[in-house]
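In what follows, every chain begins at residue 1, and chains take the letters A, B, ... in the order their sequences are listed.
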Protein chains: 2
Amino acid sequence: MASLADIGVSALINILGAFAFLLAFALLRIQPINDRVYFPKWYISGKRTSPRNWGGVVGKFVNLNLKTYLTFLNWMPQALKMSESEIISHAGLDSAVFLRIYILGLKIFGPIAIAALLLLIPVNVSDGTLFFLRRDLVVSEIDKLSISNVRPKSYKFFVHISMEYLFTFWVCYMLYKEYDRVASMRLNFLASQGRRAEQFTVLVRNVPHVSGRSISDSVETFFQKNHPDRYLCHQAVYDANKFAKLVRKRNRLQNWLDYNQLKFERHPDKRPTRKRGFLGLWGERVDSIDYYKEQIKDLDKTLTMERQKILKDSKSVTPAAFVSFNSRWGAAVCAQTQQSKNPTLWLTSWAPEPHDVYWKNLAIPFVSLSIRKLVISLSVFALVFFYMIPIAFVQSLANLEGLEKVAPFLRPLIEWSFVKSFLQGFLPGLALKIFLYVLPKILMVMSKIEGHVAISQLERRTAAKYYYFMLVNVFLGSIVTGTAFQQLHAFVHQPPAQIPRNIGVSIPMKATFFITYIMVDGWAGIAGEILRLKPLVIFHLKNMFIVKTERDLEKAMDPGGVDFPETLPSLQLYFLLGIVYMVVTPILLPFILVFFAFAYFVYRHQVINVYNQQYESAAAFWPHVHGRIVASLLISQLLLMGLLSTKKAANSTPLLVVLPVLTLTFHKYCKNRFEPAFRKYPLEEAMLKDTQDRASESDVDLKSYLADAYLHPIFHSFEEVELVEVKVDKNQAHVPSSSPSELSSPSPQHTYHHEDDPSHIVQHYEVEPNHTMYHYEAQSPSNIYRYEYAAEQHYQYYHY
Amino acid sequence: MASLADIGVSALINILGAFAFLLAFALLRIQPINDRVYFPKWYISGKRTSPRNWGGVVGKFVNLNLKTYLTFLNWMPQALKMSESEIISHAGLDSAVFLRIYILGLKIFGPIAIAALLLLIPVNVSDGTLFFLRRDLVVSEIDKLSISNVRPKSYKFFVHISMEYLFTFWVCYMLYKEYDRVASMRLNFLASQGRRAEQFTVLVRNVPHVSGRSISDSVETFFQKNHPDRYLCHQAVYDANKFAKLVRKRNRLQNWLDYNQLKFERHPDKRPTRKRGFLGLWGERVDSIDYYKEQIKDLDKTLTMERQKILKDSKSVTPAAFVSFNSRWGAAVCAQTQQSKNPTLWLTSWAPEPHDVYWKNLAIPFVSLSIRKLVISLSVFALVFFYMIPIAFVQSLANLEGLEKVAPFLRPLIEWSFVKSFLQGFLPGLALKIFLYVLPKILMVMSKIEGHVAISQLERRTAAKYYYFMLVNVFLGSIVTGTAFQQLHAFVHQPPAQIPRNIGVSIPMKATFFITYIMVDGWAGIAGEILRLKPLVIFHLKNMFIVKTERDLEKAMDPGGVDFPETLPSLQLYFLLGIVYMVVTPILLPFILVFFAFAYFVYRHQVINVYNQQYESAAAFWPHVHGRIVASLLISQLLLMGLLSTKKAANSTPLLVVLPVLTLTFHKYCKNRFEPAFRKYPLEEAMLKDTQDRASESDVDLKSYLADAYLHPIFHSFEEVELVEVKVDKNQAHVPSSSPSELSSPSPQHTYHHEDDPSHIVQHYEVEPNHTMYHYEAQSPSNIYRYEYAAEQHYQYYHY
């Protein structure tokens with residue numbers, strides 16, 4: 001049990017650690033060589049193409065401007081400069097709302113901390129049970145500031161209960177305001193968006209197989225019949241795993257070709273060569289450029305054939321389709337209604353953003369979905385409560401005896417006492433560490449098996465699973481001793497009334513542990529986040545060994561988005577800690593406040609400079625955040641009840657019973673009031689936007705705009721990009737714009753209609769290979785790379 | 001503990017009792033005087049207008065045809081003659097599906113009973129633990145046939161577990177087939193219906209108040225904007241409680257007028273007179289017919305003024321409306337989608353049948369609804385678990401000392417020992433009896449407060465509440481000793497794993513009790529149902545004292561519908577008993593089978609001859625029935641696990657854990673697969689019907705057809721019916737048809753448009769009062785009465 005002084009020392013260490021990280025960050029970020037690690041967002045959005053240069057060869061890598069070193073903390077005010085609306089347009093609504101969660105934490109816990117410190121701590125200190133007891137071994141000094149210090153049966157518990165009421169109302173009030181704000185932000189964001197494919201499109205799953213009729217036909221007939229005047233067109237979903245493989249191979253070859261061409265450009269005197277055999281290790285030596293060109297040409301033929309096969313063969317069409325309507329109203333109606341007598345057929349839902357689609361799961365039939373959900377729920381339950389069993393098994397295998405058996409030659413080394421003790425301390429922990437490291441990935445795989453069709457949805461479901469894991473294994477696991485499995489056993493075999501008591505009693509005792517946790521995981525962890533040590537190292541390693549072309553550089557730079565599946569659950573854990581301890585041990589609150597403030601700065605900086613969100617879900621995660629904060633309130637109330645009942649406060653405890661009921665009612669009200677804004681699209685809105693559209697631009701060819709929007713991303717591959725560019729070249733009509741929105745969405749210029757004539761691309765390609773090549777070389781490389789980058793991103797979505 | 005012989009005696013007594021009831025029924029039903037009690041449905045449907053007559057004055061009241069006495073059980077084959085489709089057209093889908101529940105019981109428990117009796121009983125008997133113990137006081141002979149007879153740790157429990165699996169699969173299979181059948185019956189029924197107002201109409205609630213604009217205006221603008229080309233018209237909902245009171249008063253007066261006119265017709269020599277004062281007890285003596293005519297005329301003026309006031313005053317319009325569309329498709333779309341940004345405004349749902357609307361609840365705002373639901377949930381919980389507290393309180397008041405204090409003059413009587421002992425035995429029970437008698441009414445009031453807008457919905461919610469009460473207080477209450485409150489206390493303070501054990505252990509011991517319960521409540525109770533003793537007595541009492549006119553007679557005859565709020569829960573209790581005991585004490589199953597078979601006969605007879613369903617919900621109660629049978633399966637599995645764990649069958653019990661998970665998955669699958677058929681209206685269906693309609697009758701004036709369909713029923717009062725008849729008289733176009741469907745639904749000839757000119761009815765009435773009157777007397781009375789009956793029914797709906 002730590003004394004106040006211990007806590008102070010720990011805080012100092014962590015603050016120093018955090019400062020060290022910040023200092024390192026401040027120094028590293030102004031080095032030009034690291035520019036792509038710390039400011040990738042600006043490269044991606046096209047506002048920066050090369051690092052700031054301070055002159056000279058050395059200046060390319062190291063910052064020589066000494067003035068900038070003096071202002072090394074200026075990223076903080078810089079991060080605050082951007083307004084919220086600017087952040088929304090710069091990084092999307094998801095990121096903006098994500099930042100609001102931290103502000104919400106400050107808004108909730110700021111006043112609570114002040115009230116609790118001013119009111120509750122004097123009340124707790126004044127009673128002095130623990131001073132009186134003087135059992136220093138059991139009781140820490142922190143406990144003297146907590147509710148543990150109040151005498152049993154004391155009337156002072158009325159203060160705690162009324163504070164719990166007050167704080168609950170405050171939290172609910174702030175939550176209500178925030179939900180209201182976020183919901184209207186979402187609706188405004190959706191309303192402010194221009195024409196987007198997903199507004200007109202509905203995803204239809206479980207299209208029934210009618211013998212002698214293709215899926216495409218069925219869809220066409222069905223929607224023309226049941227949504228006449230509104231149905232516009234549809235896009236079939238192809239099962240294209242083999243094609244995707246070939247495309248990946250072609251990308252690799254193209255990359256090698258680019259590399260060799262660049263090499264040749266730089267040294268025109270020497271044509272690069274390679275060997276024909278496996279990995280270029282043996283065989284006849286040939287000209288590399290010719291070799292790759294030839295290989296690509298061969299592969300392109302295979303690709304074209306494979307593509308034709310997919311497009312023509314009705315078996316490769318999965319029973320799902322993206323159906324587009326000629327108005328938002330029509331799509332809103334179709335997405336929200338039941339189509340067929342059999343409610344497991346013709347299931348409609350809003351189409352995710354084209355980037356957000358997780359293609360592999362589109363074809364899962366209804367029955368399979370139910371079974372998958374069941375299996376995954378059971379697995380998650382098992383994972384949360386029994387994950388220690390396989391790890392203990394692995395640990396028992398990975399001991400020294402086992403190691404000696406497997407690798408007898410290591411025996412002398414292992415027998416060396418220093419190594420032995422090190423391994424004995426290290427090995428068992430390793431399995432656990434590895435497990436915790438891969439846990440988010442495991443959970444993501446589980447979510448994928450569950451069959452969600454959007455990446456954003458997958459991330460939300462993963463976040464939920466991770467939260468359950470944290471709740472049971474970090475929160476409860478730290479409070480109650482024993483593994484989660486033992487806890488589960490105890491829960492089943494204890495009276496329900498006993499459980500909150502048992503946990504409630506240990507709550508104040510664990511305050512010092514959680515304070516340390518907040519400092520290590522929260523403060524130092526966040527400082528580590530801004531340093532981006534891992535991406536920094538990986539980027540430089542890749543730059544040294546793998547990066548051959550500009551395209552590789554872009555790939556190595558890719559910062560990813562905010563890691564919602566891990567960040568949201570830990571954020572919610574901090575809310576839980578704050579809410580549980582706000583009445584019990586209020587001294588914990590300042591630590592949480594520091595975390596929220598610091599994390600806000602850091603993530604604001606990261607959102608502005610680093611992250612590049614892959615999809616835009618328009619804050620679809622908010623209802624989950626809200627729900628889990630409300631759940632935290634309930635947990636807090638239950639535990640306080642348990643705690644008070646052990647304090648024999650029989651006359652005051654029943655007063656608390658009303659609070660969970662009120663909290664649940666609040667939650668239900670919010671759910672009814674706001675959640676539809678996150679699940680449905682009101683017809684009023686749809687109609688308004690339709691009318692505006694019709695008034696402003698009446699002669700838009702919506703059909704051609706939507707025709708390709710939901711084409712499987714692998715069909716948007718090289719050739720088409722080139723084709724487009726070729727066309728652009730010829731017509732001189734469009735210049736590929738460099739705004740990020742067009743790049744990251746399949747642009748409407750892709751006028752190639754696969755259904756009409758899948759062969760014409762072949763002709764195109766065979767007729768003008770040199771022209772294409774010429775064009776390819778003539779264009780400014782960065783532009784092409786950008787296109788390729790967009791294409792690349794598509795593959796990533798597909799393989800996500 | 002009863003022996004087998006005791007059970008046999010009890011069975012004999014109950015069978016004899018049931019036969020006595022049946023005999024009485026058989027005798028009473030063929031008496032002409034009782035014809036309206038036992039065959040009201042035929043009167044209501046117009047297929048019978050007077051009892052069969054066996055000649056003479058006596059023959060009017062008593063059946064003199066001796067031959068009919070010999071065939072007194074022939075109602076049973078008669079009841080079976082009607083096919084299901086005939087029942088649907090005769091009594092509606094609700095009744096037909098209600099009968100199917102009994103057949104489902106037979107289908108489920110028939111094979112299970114055979115398998116259990118042939119397999120499980122030999123297994124149970126062979127082990128003979130209880131024979132060996134010979135503790136006759138504790139163990140009954142029934143127990144020797146039950147699972148209690150199997151030795152602890154026996155491997156024979158594997159037989160029980162595999163039977164539980166087998167039976168669960170069988171029940172699920174039957175449930176699945178039945179759900180499938182009922183869902184398709186429902187869809188066919190809805191598809192086969194002709195044009196009905198509710199197919200085109202959507203109920204909109206929470207219309208926002210916009211200052212300076214009437215509700216009607218808002219609705220019109222909103223739907224014209226957001227559902228153009230589809231919106232047709234709407235009907236405002238009026239707050240008309242005062243008007244309803246006046247209408248009731250007018251009905252009473254009209255009834256007296258009819259009575260006096262009939263009296264005068266029969267004795268034309270003597271005009272009836274009455275006194276002017278209160279209740280005709282004093283004051284000046286006047287001519288009755290003139291007096292009532294004058295009174296009615298005065299009241300009509302007040303009525304007209306009140307009506308005008310309601311129709312003109314915007315304050316009497318509640319923020320709800322029935323919005324009609326020009327196609328089923330349009331209505332289906334509007335009912336299933338979210339209309340406005342704020343999801344608590346413009347809430348749309350399918351309009352209930354016009355008869356099914358519970359008008360008083362239409363105006364409840366959204367926030368109030370949430371609070372009401374919360375309050376009622378808490379009240380139901382309190383009622384289920386703590387209902388004994390107020391009853392015990394009343395009982396403590398209603399003892400003899402209390403009685404003596406209140407009524408000292410009774411002292412000599414009370415002191416008489418016989419009376420004293422009788423009262424002491426009787427009084428405490430009385431409070432409980434009264435409570436149980438009024439319980440369904442209390443639950444109905446609760447459901448009304450909850451704010452449901454349809455009578456069918458109110459009945460379903462009441463049934464759910466009643467089921468919880470029965471489950472806790474009849475099922476659990478009989479198994480576990482102590483009041484529900486004590487049980488609740490025990491549940492909270494016991495480990496969750498202990499609860500199924502405690503209950504499971506007592507389960508086999510209570511088998512004899514439940515067998516007796518089935519015989520008393522099930523067999524004899526059902527025989528009592530067919531005898532209709534209460535309606536019989538009340539009908540004859542009313543006939544003697546109250547009935548003045550034919551209209552009164554119809555009112556006295558009104559049989560009501562199947563009492564779903566009480567019948568469904570007790571039916572579900574029998575399913576629960578059968579499912580819980582199928583493995584534990586299979587000897588109980590034959591008793592349940594007898595109940596289902598017998599009840600099927602009785603209710604089939606009643607549905608055909610007696611009941612007159614007030615509304616048609618198209619089997620909307622089915623998902624609840626299904627859900628509760630699945631819940632019974634879960635309860636059975638849990639209790640069997642508890643029971644086996646006390647039998648130390650540690651090696652076999654874990655096998656059962658999978659079963660609840662499978663059962664829940666089955667339930668979830670069924671819910672997804674079938675429930676939408678009961679909640680939503682698929683667009684495919686709507687479009688199909690629309691197309692058919694347009695093809696068959698293109699020039700129908702839908703607007704005038706829908707204009708009055710959802711007019712508050714009190715506005716369909718006398719005058720209009722008369723007006724219609726007057727119009728009919730003048731035009732000689734339509735003759736009021738006598739088919740029940742037209743009578744019970746506001747017929748499309750009601751062309752009076754209140755919104756256009758609320759005053760024209762006044763003129764009509766004042767210009768032609770005598771003509772109306774003349775017409776009134778000239779028409780065949782039965783026809784008029786039928787109209788009045790329809791109107792009367794409306795008031796009943798309103799005051800339900």
Is there a side-chain contact between B:Pro343 and A:Arg673, using heavy atoms and a 4.5 Å cut-off? yes
Portion of B:Lys668 that has a non-hydrogen atom of chain A nearer than 4.5 angstrom: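 The answer is neither part of B:Lys668.
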Please look at B:Leu664 and chain A and tell me whether the side chain, the backbone, both or neither of the residue comes under 4.5 angstrom of a heavy atom of that chain.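 Neither part.
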Chain A: which of B:Lys680, B:Glu685, B:Gln339 shares the most heavy-atom pairs with it under 4.5 Å? B:Gln339
As an exercise: rank B:Ser340, B:Pro228, B:Ser370 by heavy-atom pairs under 4.5 Å with chain A and give me the winner. B:Ser340
Could you have a look at [options] and say which one has the most heavy-atom pairs with chain B under 4.5 angstrom?
options: A:Leu378, A:Thr691, A:Leu374, A:Leu345; answer: A:Leu374
options: A:Gln336, A:Met687, A:Arg679; answer: A:Gln336
options: A:Tyr681, A:Phe222, A:Phe674; answer: A:Phe222
options: A:Asn342, A:Leu369, A:Thr665; answer: A:Asn342
options: A:Lys341, A:Lys373, A:His227, A:Glu675; answer: A:Lys341

In Å and rounded to the nearest 0.5 Å, what is the NZ to CG distance from A:Lys225 to B:Leu683?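 Rounded to the nearest 0.5 Å, the NZ-CG separation comes to 12.0 Å.
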Closest approach of A:Pro676 to B:Gln338 (non-hydrogen atoms, all atoms of both residues):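 Minimum heavy-atom contact is CB-OE1, 3.4 Å.
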Proximity of residues 326-334 of chain B to chain A, residues having a non-hydrogen atom under 4.5 angstrom: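 Listed by number: B:Trp329, B:Ala332, B:Val333.
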